[in-house]
Amino acid sequence: MSYADHLISIKQLLLKNNAKIIAHYYVDEQVQRLAEDTGGFVGDSLEMARYGSKQKETTLIVAGVKFMGETAKILNPDKKVLMLDIEATCSLDTGCDYAEFKEFCDTHNDRDVVVYANTSAKVKSISDWVVTSSMAVPLIEHLTSLGKKLIWAPDKYLGNYVIDTTGADMLLWDGSCIVHEEYKTIELKNMIAKHPDCDVLVHPESPRSIIQLANTVGSTTRLIEASKASKKKYIIVATEKGILYQMKKFSPNKIFLEAPTEGEGATCKSCGRCPWMNLNIVQKLLDVFNAKTNEIVLSRDIINKAKKPIDRMINFNLNNKINRAS
Ligand code: 13P
C-alpha cells in the first residue's frame, strides 16, 4: 500500500471512530507524517500531554510509549486512549518499581518527590511533582529557591544534569534510558574533530561526559528548534534517531549525523533507536481499532492521585510560559 492509500484509510478510520493521533518525535517517520497529515499532532512529551486534553475527539491514539498513553488517560479519564502497541514501554519506567520506590520515598520522607514523566501512573500517584525534560531545570530552580530538599527519579543522568545546573539538593534514583546511555564520549569527540563546522545537540538523558560536549542540551522540541536555528553545515544529534525526520524536514540542506553509540570493543544495545518506540509502525495504525488489547485502563483512584502532580506540572509550565522552544 502506498503512503497516499494509507492516508486515505487512516483518515476514514479516525473519522468513523471520532479519534485523533498524538505522536512523539521518536516514532517511525511514516507514523509522524500520518499524524500530521490527518490533523493530529507530533510533539515532545509535555506538548503531547497538553494537546490531548484540548481535543474534542472521544478517542486518542497515542503513538509513543506507555507512560505517554497513561498521561493522556489521566488527563482525559472519560476518553478512550489507545496505544499502537501496549508493549511499548521505557527503560526508565520499568526501572522504577512502585514498591521499591515507595520504600525509598518513605525512608526520606522529609523530601519532596519529583518524578520524570517517564514513570508509571502508580509511581506518579505517590509523587509531588511530575516533570519533563523541557521544564526540569526551571522547576527544580523554583523548588530550590523555596528551600526544598528533593527526591528525583528515575533518570540519574537527567538528575545529575539538573544538579549541575541548579545546585539542587536531590537524592537520585538509579535509572537510565537505554538509548541515551549508549552514547560514547571518545567517539563523539572524534566525530566533532572530523567535522569542526558542527553543532552538537544532546538530550539531557545522556551521560554527563556527552552533555559536556553539547552546544545545546534540551527536550526533543528544543533540539529541533536548535537544529533549525543552527548556522552550521553538520549537526550531530545525540538522541533517538526518529527525531531526524523533523530536523531534516526543516533543514533539508544541513547534514545530520547520529552521535556514535558503538565505541571500540563495545557492544551496542540500542544503536540510537528505542526498541519500544520502534514498535509504533503504520500497520498498527490501520489495526488500532480492532486490536482490543491496546487500551490504557487505569483505576479511578490512581487517576485521581496521579493527576495532581501532572496538573502541577502543566500549571507550572503555563505560569512560566515554557513554550515550544524550551
Ligand atoms: P521529551 O520530553 O524531550 O520529548 O523526551 C521524552 C523522552 O522520552 C526522552 O527519552
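All figures in this text were calculated on a predicted structure; none of them were measured in a lab. Both ligands and their constituent atoms are indexed starting at 1 by order of listing.
- Taking Y26 as the reference, H24 meet the ring pair (Phe, Tyr, Trp, His ring centres under 6.0 Å) condition, with sequence neighbours excluded.
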| Pair T132-S134, side chain to side chain donor-acceptor pair (under 3.5 Å): steps then yes or no | CA-CA 5 Å; T132 66; S134 64; 2.9 Å; yes
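- Sorted by chain then number, the residues whose non-hydrogen atoms approach ligand 1 to under 4.0 Å are H24, Y26, D44, S45, F67, N118, S133, H180, H203, E205, S219, T220.
- Partners of T58 according to the side chain to side chain donor-acceptor pair (under 3.5 Å) rule, which considers only residues two or more places apart in sequence or in another chain, are N18.
- Remark: aromatic rings of Y157 and H180 are distant, center separation not under 6.0 Å.
- For K80, there are no salt bridge (charged side-chain N to carboxylate O under 4.0 Å, His left out) partners two or more places apart in sequence or in a different chain.
- Atom NZ of K228 sits in a crowded spot, with more than 12 heavy atoms from other residues, nucleotides or ligands closer than 6.0 Å.
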